[in-house]
Amino acid sequence: MVERDSFGTRLGVLAAAAGSAIGLGNIWRFPYILGKNGGGAFLIIYLICIVIIGIPIMISEFIIGRSTKKNAIGAFKKLAPKTPWSIIGWMGLLSAIAVLSFYGVVAGWCMNYVVSTATNTFIGKTAQDMTNIFTSFTSSTWSPILWQLLFMFITGYIVVSGIKDGIEKYSKILMPVLLILIIILDIRALTLDRANEGLKFLFEPNFNQLTLNGVFIALGHAFFSLSIGMGTMLTYGSYINDSENLKSTALKVCIADTVIAILAGLAIFPAVFAYGIKPDTGAGLAFMSLPLVFQQMPLGNLFGALFFILLTVAALTSSISILEVIVAYFTEEYNFSRTKITIWGASFVSIIGIICSLSNGVLKKYTIFNMNFMDLMNYLSANILLPLGGLLISIFVGYYMDKKIIITQLYNNGTLSNKSISLFMFLVKIVSPIAIIFVFLKGIKII
Ligand code: PHE
């Protein structure tokens with residue numbers, strides 16, 4: 001049997017896990033849903049979800065992954081043989097397929113916008129023109145599909161290269177570049193004329209604007225943005241060496257993810273207000289408004305192209321972690337070759353992605369619950385499957401799993417201090433499950 005791959009260095013672990021968390025969720029999804037849900041108050045609820053639910057569940061996934069050194073389904077089969085707990089892994093596999101299908105489409109849009117911005121396509125355009133360009137591009141048949149397939153190809157290429165030589169190597173290079181690019185964008189945005197209106201929108205809580213549905217959306221987004229609830233962090237956890245401190249890794253990843261989301265907000269909202277664009281524009285917010293903003297700035301095409309490169313890079317370090325959930329399962333449980341299953345997995349997801357892409361155009365008229373297919377995948381994964389997966393994970397760790405394993409994993413066999421065990425157990429046993437169940441039942445309007 002071949003030796004199991006693992007992350008090579010501490011920085012590599014952090015870069016890969018933070019790379020998974022930081023993605024389109026932070027830069028494309030977070031600003032548009034914050035814009036739709038009233039701004040500052042939404043941010044506060046989101047931050048609460050990260051602290052009381054996100055951090056403990058990420059640690060839980062790391063514990064399950066590292067203690068079993070297995071994939072999302074294999075881990076539960078090992079810890080709880082002959083019980084239905086492996087359903088968590090199966091749901092994770094389903095979520096991975098759903099998330100990656102629309103993720104590839106949006107990442108494809110980003111790649112297209114890199115080229116359009118760099119080649120000055122948007123010069124002299126009005127806000128209305130930008131809306132038309134976005135709508136006609138995303139609803140066209142071939143172009144978005146070709147970009148999506150290119151993105152999925154690159155994702156597959158990195159995943160085939162394996163953990164140390166693929167995911168870790170690329171994450172280590174790509175993540176610092178991302179941070180530098182976004183800080184440059186922030187400086188530019190914050191020195192725009194009406195920047196303070198954007199700051200107000202982002203940071204001034206107005207609880208009248210927040211609905212129960214907004215709380216539900218914030219919870220789902222916390223799961224999406226932290227890559228938890230579907231076994232991604234579990235799978236990455238299985239590649240983490242026994243000497244790493246799981247708590248501090250999770251804490252750092254959650255902080256990095258939150259900081260990047262806020263930095264993205266700081267780049268987008270001042271600009272949105274400076275140029276009179278509506279913050280509740282929806283999923284097209286970044287694509288409709290920013291190129292226009294960039295074109296009205298000195299060196300706009302450069303800033304614009306940098307921004308969309310940044311989005312693509314961020315998307316790539318996330319998409320490889322999603323595909324890895326699928327690949328790890330099939331290589332470990334069925335002995336498939338890594339290359340073969342990556343090709344099969346990426347192709348299968350791409351086909352569903354093509355349906356997502358077409359649902360913005362020729363298949364637009366087919367809706368379920370008033371959503372086109374792509375919105376449905378987005379909603380179903382982030383707001384239903386991931387929180388449900390997270391709920392089951394916290395119950396599993398809180399009530400089922402052997403406490404000895406948890407302690408060993410948290411304190412690396414007693415080499416780390418054990419002060420926070422009771423806080424952790426309190427969060428996974430009581431706080432997270434109750435909060436998720438409550439928000440969930442309210443969100444889907446059962447209570
Ligand atoms: N967290 C990623 C992002 O913010 C998306 C993702 C979701 C990745 C679920 C893995 C699992 O873009």
Side-chain angles (χ1 to χ4, degrees), residues 15-34 46 49-50 54-55 57-58 61-62 65 71-72 88-89 91-110 151-152 155 158-159 167 171 174-175 178 182 217-237 250 253-265 283 286 310-329 345 349 353 377-390 393:
S20 167
I22 299 164
L24 293 173
N26 307 59
I27 298 162
W28 159 73
R29 203 174 188 275
F30 173 73
Y32 95 70
I33 61 172
L34 179 125
Y46 175 69
C49 291
I50 296 281
I55 297 174
I57 291 183
M58 188 181 291
E61 286 202 27
F62 281 162
N71 60 81
I88 302 178
M91 276 171 48
L93 211 61
L94 199 67
S95 319
I97 294 169
V99 171
L100 195 51
S101 67
F102 74 85
Y103 211 82
V105 175
V106 180
W109 297 349
C110 297
F151 179 83
M152 290 300 296
T155 301
I158 300 178
V159 169
I167 294 174
S171 297
L174 299 179
M175 294 320 291
L178 173 84
I182 202 163
I217 302 290
L219 175 78
H221 186 69
F223 278 92
F224 186 86
S225 193
L226 295 177
S227 308
I228 53 175
M230 86 179 199
T232 310
M233 290 301 176
L234 187 160
T235 306
Y236 271 20
V253 171
C254 291
I255 292 173
D257 188 69
T258 308
V259 167
I260 295 281
I262 293 175
L263 286 178
L310 176 151
L311 261 179
T312 308
V313 165
L316 209 51
T317 53
S318 302
S319 62
I320 55 182
S321 76
I322 307 174
L323 189 55
E324 182 64 23
V325 171
I326 304 169
V327 170
Y329 171 62
V349 170
M377 290 294 112
N378 188 341
Y379 185 87
L380 200 71
S381 54
N383 298 320
I384 312 280
L385 286 174
L386 299 185
L388 216 55
I393 288 170

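Values below: all heavy atoms of this structure, side chains included; hydrogens, waters and symmetry mates excluded. We count ligands from 1, going down the list as the structure has it; atoms in each ligand are counted the same way. As the structure is a prediction and not an experimental result, all values here were calculated from the model.
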Close-contact set for ligand 1 against [X] heavy atoms, below 4.0 Å:
X      : result
Ser225 : 1 (N), 4 (O)
Thr232 : 10 (C), 11 (C)
Tyr103 : 2 (C), 3 (C), 5 (C), 12 (O)
Leu24  : 12 (O)
Asn26  : 4 (O)

Ignoring hydrogens and geometry, is there a side-chain-to-backbone donor-acceptor pair from [X] to [Y] under 3.5 Å?
X      : Y      : answer
His221 : Gly25  : yes
Trp28  : Ala283 : yes
Ser318 : Ala314 : yes

Heavy-atom distances under 4.0 Å decide this one: backbone, side chain, both or neither, for [X] against ligand 1?
X      : result
Ser227 : both
Arg29  : neither
Phe223 : neither

So, Asp257 versus Ser225: side-chain donor-acceptor pair below 3.5 Å or not? yes
Donor + acceptor pair across side chains of Ser321, Ser20 (<3.5 Å): yes
Just to confirm my output: which protein heavy-atom neighbour is closest to atom 5 (C) of ligand 1, and how far is it? Phe224 O, 3.6 Å
Residue, atom and distance of the protein heavy atom nearest atom 4 (O) of ligand 1 read Ala21 O, 2.8 Å
Do Phe224 and Tyr103 come within less than 4.5 Å of each other through their side chains, counting heavy atoms only? yes
Under 30°, 30 to 60°, or over 60°: which ring-plane class applies to Phe30 and Tyr46, parallel, tilted or perpendicular? tilted
Just how far is it from atom OG1 of Thr317 to atom CD1 of Ile158, taken to the nearest 0.5 Å? 8.5 Å
Please round to the nearest 0.5 Å and tell me the distance separating atom CG of Leu100 and atom OG of Ser319. 6.0 Å
Is there a heavy atom of Trp28 sitting under 4.0 angstrom from any atom of ligand 1? no
When every non-hydrogen atom of Ala72 is compared with those of Thr235, the smallest separation belongs to N-OG1, 4.1 Å
Could you say whether the N/O atoms of [X] and ligand 1 ever approach to under 3.5 Å?
X      : result
Ile322 : no
Met230 : no
Ser20  : yes
Gly25  : yes

